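Encoded as structure tokens, the structure appears first; notes follow it.
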There are 2 protein chains.
Amino acid sequence: MAATMKDLARETGLGLATLSKYFNGGTVRDKNRLLIEAAVKKLHYVPNEVARSLKTQQSRVIGVIIPELSNAFITSIISSMEDILRRHDYAVIVCDCRSDPKREKEAVEFLMHRRVDGLINMATDATGDHLKAALEANIPILLVDRLINSLRSRVSAVIIDNVYASGQAVHKLLDLGHRKIGLVLGSQHLYTTDARLTGYLSALRDAGITPDDRYIRYGDYTMDGGYQAVQELVKLDDPPTALFITNFEMTLGGMLALQQNGIEVPKDLSVIGFDKLELFGGIFPDLTLIRQPQLGIGRECANLMLDMLSNRESYSPRIVTLTTELTEGSSVRPLNP
Amino acid sequence: MAATMKDLARETGLGLATLSKYFNGGTVRDKNRLLIEAAVKKLHYVPNEVARSLKTQQSRVIGVIIPELSNAFITSIISSMEDILRRHDYAVIVCDCRSDPKREKEAVEFLMHRRVDGLINMATDATGDHLKAALEANIPILLVDRLINSLRSRVSAVIIDNVYASGQAVHKLLDLGHRKIGLVLGSQHLYTTDARLTGYLSALRDAGITPDDRYIRYGDYTMDGGYQAVQELVKLDDPPTALFITNFEMTLGGMLALQQNGIEVPKDLSVIGFDKLELFGGIFPDLTLIRQPQLGIGRECANLMLDMLSNRESYSPRIVTLTTELTEGSSVRPLNP
DNA sequence: TTGAAAGCGCTAACAC
DNA sequence: GTGTTAGCGCTTTCAA
């Protein structure tokens, strides 16, 4: 059906090597170049990447396995890395495993059959079991956002400094005199949740404050979860005077809960939220936020992966930790002004 | 490096045909089956889909081109169709073209080089220009959510009945006595925007009401856009008594705007929103909503594509129109109770 | 049921 | 610079 290089060879009277060289950026006599270009147009020739992949033993495909597609943080990372990878002629196959370890493992197998050149994974299975086969097959693996302890020093990762981020927010609130600081975390037993809790706890400890369990809530990283968590926090007998909410969706839900309870920010309560600054622009002007460099994470992943791919032998695993930024807004204020 | 069927043949003493038959579900002598299974395990054999693709002339890859990955409606469709396609052993390559027609066209080329078996497209370029090459190459194409006029009757599509959906909402408000109905639309010149406007206008016309331009706003399908649009609407001299907001993000932004203005729903204003019922669960209890069957759209796309693929010759293009549902809540009430 | 052999469309080593 | 050729790992006739 579709034209092949053989057809081009017949049409132009040239050999396959010349054609191959032309398509791969080699030097070809001007006259032949024109000949080829005319034939390509005439025959509607389209290079066949499948055949090329078989020959070169490179699929130029990167497999990406994520826990969830409906999460703003995840999609913005994906779209930034997909952009860069595609520019480098790598395709991205995304597998959403719905936070199910079984599906995650199946995704790894699925992608291995397709001979992906590399694997980027925001891991659901914290044991790292699902990556064993890929590791044995020596496929470059890059973890994002979540480390896997058993794989440390064996695979690369791009993460943010969660402990620092959390500490940064809590210190800010402590500096303003707050002592009762509510914390809204993601799902339990998740790498980022643990790290953000650690940052919170050690910041309190530094300030000589004993953490109060009632102030620590798990909101599942969803809008509804954040909403519920904040509802509970503000209804405590002795409610917190400040809140730190640890992702975008929960911040949104949390702000809604505050509005519905008639609680004014920062008059009645100081709030530090998370991510997606632009979106809050007109809506919650001047919300104080911890901002993760989502585009930076995506870019770093893409570049690291490209690096691993072009230096297969000499590449040694590394953990790249990006830092967060505290964007000062006006949703916080001193406890007793 | 990795084991091939040849290695298996050597290991088992069998021929390639027997192995191929085994892997493709053919009948193999029990003794040989066991032999093969042992060898697979021993050599860590993993089938090479690339080689298979070259031979069978099927990549078992579907290309999906979308305008934006950071949109809840789009990601839920994608994740539902990816799920089904992967179950059928099709991989999905997602290309986010950031609503840029140039990138969209590049994506088509990129995917054609990779010999995708089919193309699913939520189109940015309403002229359909970008699909010409794929159409000529006779690649099955499926449009989602947005029709392309010049391609009608040539490609299949899965859409929702936007005119009906919009009319449904507006009629509901009219029945309650509302005459001044604000409409928050997506970006201008988009298929869905136009259709939803049409539904609104004809519902008003049916009721003998002359539409008021000031009540029609474009919110870009974003949270901030919805927020701004509603801000403007409620500040009109003669503000609407009811609102119809036409996607999820804008509904969210709009509700925030109302809360910030101290406008109570439905006491001061009736509201019909859009999509993502679950998320509103605890947050805006009982919001009256137009609900698109996102999972159904994804499922329909996947199944239609699988159908097109297995009946290449006999398949004739069709437009599948799914209907929306009006979920009654308590965010609307009669104008003069 | 099984084996031998050809070939999918491309790249790259080699010879010219 | 260009042509010839072998072969990537698989499927699929065709014979046995």
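Quick caveat: nothing in here was measured; it's all calculated off a predicted structure. As a basis for the values below, the full set of heavy atoms in this structure was taken, side chains included, without hydrogen atoms, waters or symmetry mates. So you know, we letter chains A, B, ... as the sequences are listed, proteins then strands, and number each from 1.
The side chain of B/T18 places an N or O atom within less than 4.0 Å of a non-bridging phosphate oxygen (OP1 or OP2) of C/dG3. Within the structure, a side-chain polar atom (N or O) of B/S20 is placed less than 4.0 Å from OP1 or OP2 of D/dT11. Under 4.0 angstrom from either OP1 or OP2 of C/dG9 there lies at least one side-chain N or O belonging to B/Q57. In this structure, B/R29 reaches the C/dT2 phosphate: one of its side-chain N or O atoms is under 4.0 Å from OP1 or OP2. Between A/N48 and the phosphate of C/dC8, there is no side-chain N or O to OP1/OP2 separation shorter than 4.0 Å. Between A/N32 and D/dG1, a side-chain N or O to OP1/OP2 separation shorter than 4.0 Å is absent. In terms of phosphate contacts, B/K6 brings a side-chain nitrogen or oxygen within less than 4.0 Å of OP1 or OP2 of D/dC8. Taking side-chain N and O atoms only, A/Q58 has no distance below 4.0 Å to OP1 or OP2 of D/dC8.
Listed nucleotides C/dC10, C/dT11, D/dG3 differ in distance to A/T56; the shortest reach to its side chain belongs to C/dT11. For B/A51, the side-chain atoms get nearest to D/dG9 when compared with the rest of D/dG9, C/dT2, C/dT11. Among the nucleotides D/dC8, D/dG3, D/dT2, the one closest to the side chain of A/A17 is D/dG3. Counting only heavy atoms from C-beta on, B/K55 has its side chain closest to D/dT11 among C/dG3, C/dC10, D/dT11. Of the candidates D/dG1, D/dT2, C/dA5, the closest approach to any side-chain atom of B/L16 belongs to C/dA5.
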For this session: Report the C-alpha distance between B/E49 and B/R52 in whole Å, list the side-chain angles of each, state the deciding distance to 0.1 Å, and finish with yes or no for salt bridge (charged side-chain N to carboxylate O under 4.0 Å, His left out).
Result: CA-CA 5 Å; B/E49 288 293 336; B/R52 175 181 274 171; 3.1 Å; yes

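Note on A/Y45: only backbone sugar-phosphate atoms sit closer than 4.0 angstrom, heavy atoms only; bases stay farther off. When heavy atoms are screened at a 4.0 angstrom cut-off, A/L14 is found touching the sugar-phosphate backbone but no base atom. Residue A/V50 is classed as having no contact, given no heavy-atom separation below 4.0 Å to the nucleic acid. Among the atoms of the strands shown, only primed sugar atoms or phosphate atoms (P, OP1, OP2) are found under 4.0 Å from some heavy atom of B/T4.
B/R29 and B/T18 form no side-chain donor-acceptor contact under 3.5 Å, judged by distance and modelled atom types alone. A donor atom on one side chain and an acceptor atom on the other are found under 3.5 Å apart for B/N121 and B/H130.
A salt bridge between B/R33 and B/E37 is present, with a side-chain N of the basic residue lying under 4.0 Å from a carboxylate O of the acidic one.
B/F23 has its CZ atom 14 Å from the P atom of D/dG9, to the nearest Å. With rounding to whole Å, B/N24 atom CG is found 7 Å from D/dT12 atom P.
Few gaps surround CZ on B/R318; more than 12 heavy atoms of other groups in view lie less than 6.0 Å from it.
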